[in-house]
2 protein chains.
Amino acid sequence: MKLQQLRCIREVARQQLNISAAAEALEMAQPGVSNQIRQLEDELGVQIFVRHGKRLVGTTDAGRKILEMAEQTLSQGDNILKFSQDLNNSRSGTLTIATTHTQARYILPRVIKAFRERYPGISLQIKQGNPDQVASLAANGTADIAIATEAIQTHPRLTMIPCYKWNRCIAALPDHPILKVNPLTLEEIAKYPIITYDFAFTGRSRINEAFEEAGIRPNIVLTAMDSDVIKTYAELGLGIGIVAEMAFSPENEQTLGVRSAAHLFTDSTTRIGIRKGAYLRQYLFDFIELFSPNLTEAKVRHMLAKNGQTA
Amino acid sequence: MKLQQLRCIREVARQQLNISAAAEALEMAQPGVSNQIRQLEDELGVQIFVRHGKRLVGTTDAGRKILEMAEQTLSQGDNILKFSQDLNNSRSGTLTIATTHTQARYILPRVIKAFRERYPGISLQIKQGNPDQVASLAANGTADIAIATEAIQTHPRLTMIPCYKWNRCIAALPDHPILKVNPLTLEEIAKYPIITYDFAFTGRSRINEAFEEAGIRPNIVLTAMDSDVIKTYAELGLGIGIVAEMAFSPENEQTLGVRSAAHLFTDSTTRIGIRKGAYLRQYLFDFIELFSPNLTEAKVRHMLAKNGQTA
DNA sequence: CACCGTTACGGTATCCGTAAGGATT
DNA sequence: AATCCTTACGGATACCGTAACGGTG
């Protein structure tokens with residue numbers, strides 16, 4: 001059994017059972033991948049993939065288990081490589097961050113600016129997605145770290161570290177009556193068409209809960225995956241936006257009037273997710289501390305240790 | 001990085017930095033091992049071993065960490081192999097049990113007899129040692145399971161499962177006064193020379209504690225690593241033996257008089273130790289259940305899961 | 001027909017053995 | 001002197017690429 005064989009089956013599984021795609025991702029030719037898979041299956045004496053003639057159409061029960069164990073093995077192996085790179089040149093490497101639009105657009109810029117100054121040699125990669133995707137990317141090692149608000153707190157392979165709480169605000173055209181009504185209530189908001197986040201996104205469920213508990217059916221006319229789109233349509237007068245408060249900085253935003261709605265919705269907590277058992281390079285600890293200054297390396301290590309972290 | 005390279009450095013570390021011995025254990029020639037190690041060190045750019053000229057004299061700090069991660073990786077890889085073998089022929093394979101003399105001699109025979117009847121194709125291997133060695137053998141994967149009484153309850157890489165409690169009894173020549181004294185006390189015992197277990201062995205520390213608490217200095221004239229030796233010298237009239245109660249079966253032992261000393265010493269608990277994250281073949285669960293019938297597969301799985309077990 | 005996986009084949013690199021050479025104790 | 005690790009070299013093997021073939025939708 002060789003690590004390369006495990007890499008092959010893992011990649012094929014990740015590419016929806018497409019060997020050609022897996023070969024490309026692995027930077028090898030299709031036949032090579034085919035061969036490695038066959039050799040592994042022969043050596044183990046276990047079919048991993050279900051074949052319909054010459055097409056892969058699924059994984060066997062045993063295959064799923066083997067794939068899971070292969071991921072573990074490869075993760076462990078990666079730890080050795082990362083650790084070594086860390087020793088040699090802590091100044092070069094890659095940091096891949098999986099996160100949602102709101103974080104990438106409004107929170108990360110200042111963090112990344114500071115990080116780049118400290119580690120100019122590290123190349124950064126931001127992978128965006130919805131919270132589920134973000135969690136998966138970190139869980140399978142494609143990303144070093146996940147930053148998101150929901151759905152990820154229960155992922156079995158991630159250790160979650162709470163960073164900060166936030167809430168929503170209301171954005172509307174400057175002359176919109178909602179900006180002056182007193183007090184601001186859910187009933188008042190529900191009188192107008194609403195623009196907010198796509199379901200299962202940045203705290204969207206908290207918005208639903210609030211209206212549901214109050215027995216109000218809001219008129220949601222448009223949902224989007226990112227705050228900028230919501231703001232854009234609010235500027236067009238399509239309705240009032242319910243947006244994460246960090247999407248507004250005090251100095252900008254003359255085109256929209258903004259007021260806090262923190263008293264109407266439950267706080268959401270943004271968390272960092274780290275794959276259990278991962279080796280964390282020094283600069284990742286520094287990144288986390290830049291992101292949330294109270295999360296010192298010692299604190300993070302302690303939280304990881306509590307969660308069955310190996311390394 | 002290849003698994004074979006990891007195997008090489010692991011074996012060298014296990015063989016006290018002796019490449020020749022490692023090569024033999026790996027069934028390859030010395031130069032091959034040397035090469036693999038060098039290649040790995042080159043690829044990682046990290047020195048793992050400290051060399052004095054041409055001799056390995058230690059591991060670097062980084063090397064120790066890498067060795068630890070390598071063991072993890074190889075363990076995970078082994079899980080895949082074991083799992084596959086389990087699917088193919090659950091009737092063939094090897095079960096390696098690391099345990100102490102007392103278990104091997106007095107408890108395991110009936111268990112192994114039953115096990116062999118159920119799995120005639122599985123070859124069994126018993127590795128004996130003191131409790132520390134037993135724990136290490138299971139922790140590093142040389143043995144599938146550890147069975148012992150102390151020292152192992154705190155091993156960080158093992159999940160411990162308590163099986164049963166036991167205590168000691170007094171063995172002496174049939175006409176020895178200690179067999180009739182009433183009540184049997186530590187003071188009475190301490191009047192005579194004592195033969196018992198080697199220190200750090202099958203519950204020896206419990207014996208020490210008891211005398212210490214009572215403020216008595218027993219006259220221990222001989223210590224041994226196994227119950228048979230103790231019994232032999234008791235038969236020679238060298239003193240009275242303090243022995244694990246399971247070392248006596250009711251029907252045998254006419255040469256020695258026996259009486260219980262359970263009221264004088266704290267109970268000891270015999271535990272099974274299993275490496276965290278190990279894949280357990282079906283027959284291992286059956287073996288455990290034979291050893292301790294209340295430990296069903298479901299219960300064992302549950303205890304392992306609580307302890308950060310992956311597979 | 002387009003796509004996908006397998007088989008066949010050949011060059012290259014890797015692995016691992018033997019044999020000989022320096023170091024260390 | 002004995003032990004031990006390294007270097008050097010050669011043969012077998014494994015790996016991986018290209019090219020051609022066979023199923024599948």
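Please read all numbers here as calculations on a predicted model, not as lab measurements. Because only heavy atoms are used, hydrogens play no part in the values below, and waters and symmetry mates are left out as well, while side chains stay in. Here is how names work: the chains are called A, B, and so on, in the same order as the sequence lines, proteins then strands, and each is numbered from 1.
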Between its two end axes (five pairs each) the helix from C:dC1-D:dG25 to C:dT25-D:dA1 turns, nearest 10 degrees, through 30°
Contact class for B:Gly53 (heavy atom, under 4.0 Å): base, sugar-phosphate, or nothing? sugar-phosphate
Does any non-hydrogen side-chain atom of B:Leu81 lie less than 4.5 Å from one of B:Tyr279? no
Is there a side-chain contact between B:Gln39 and the phosphate of C:dC15, meaning an N or O under 4.0 Å from OP1 or OP2? yes
Euclidean distance, atom NZ of residue B:Lys54 to atom P of C:dG21 [Å, nearest integer]: 12 Å
Rounded to whole Å, CE of A:Met28 lies from C1' of C:dT12 at a distance of 15 Å
Salt-bridged, A:Arg14 to A:Glu71, with N to O below 4.0 Å? yes
Could you tell me if the side chain of A:Arg204 sits less than 4.5 Å from the side chain of A:Ile220, heavy atoms only? yes
Between A:Arg105 and A:Ser227: side-chain donor-acceptor atoms closer than 3.5 Å: no
Picking from C:dT24, C:dC3, C:dC15, the nucleotide nearest the side-chain atoms of B:Arg55 would be C:dT24
Salt bridge (charged side-chain N to carboxylate O under 4.0 Å, His left out) partners for B:Glu297, two or more places apart: B:Arg301
For B:Thr142, enumerate each residue passing the side-chain hydrogen bond (donor to acceptor under 3.5 Å, both in side chains) test, keeping only those at least two apart in sequence or located in another chain. B:Asn140
Any A:Arg38 side-chain N or O less than 4.0 Å from OP1/OP2 of C:dT7: yes
Tell me the interatomic distance from B:Asp42, atom CG, to C:dC15, atom P, rounded to whole angstroms. 12 Å
So do B:Ile19 and B:Ile37 actually touch side chain to side chain, heavy atoms under 4.5 Å? yes
What are the 5'-most and 3'-most nucleotides of DNA chain D lying under 4.0 Å from any heavy atom of chain A? D:dC15 to D:dT24
Just to confirm, is there a sub-4.0 Å distance from OP1 or OP2 of C:dC16 to any side-chain nitrogen or oxygen of B:Gln36? yes
Measure the distance from CD on A:Gln30 to P on C:dT7 and round it to the nearest whole Å. 15 Å
With a 4.5 Å limit on heavy-atom distance, are the side chains of A:Gln5 and A:Glu43 in contact? yes
Enumerate the residues from residues 10-27 of chain A whose closest heavy atom to DNA chain D is under 4.0 Å, giving them by residue number; use none for an empty result. A:Glu27
Length of the line joining B:Leu56:CG and C:dT24:C1', which is rounded to integer Å: 12 Å
Does this structure show an ion pair linking B:Lys82 with B:Asp144, if we count only N-O contacts that are shorter than 4.0 Å? yes
Minimum side-chain heavy-atom gap A:Ile274-A:Ile288 below 4.5 Å: yes
Taking side chain as C-beta onward, heavy atoms only, is A:Leu44 less than 4.5 Å from B:Ile80? yes
Name the closest nucleotide to the A:Pro31 side chain, picking from C:dG17, C:dT7, C:dT18. C:dT7
Using whole Å, what does the distance between atom P of nucleotide C:dC16 and atom CD1 of B:Ile37 come to? 12 Å
Residues in salt bridge (charged side-chain N to carboxylate O under 4.0 Å, His left out) with B:Asp286, at least two apart? B:Arg118
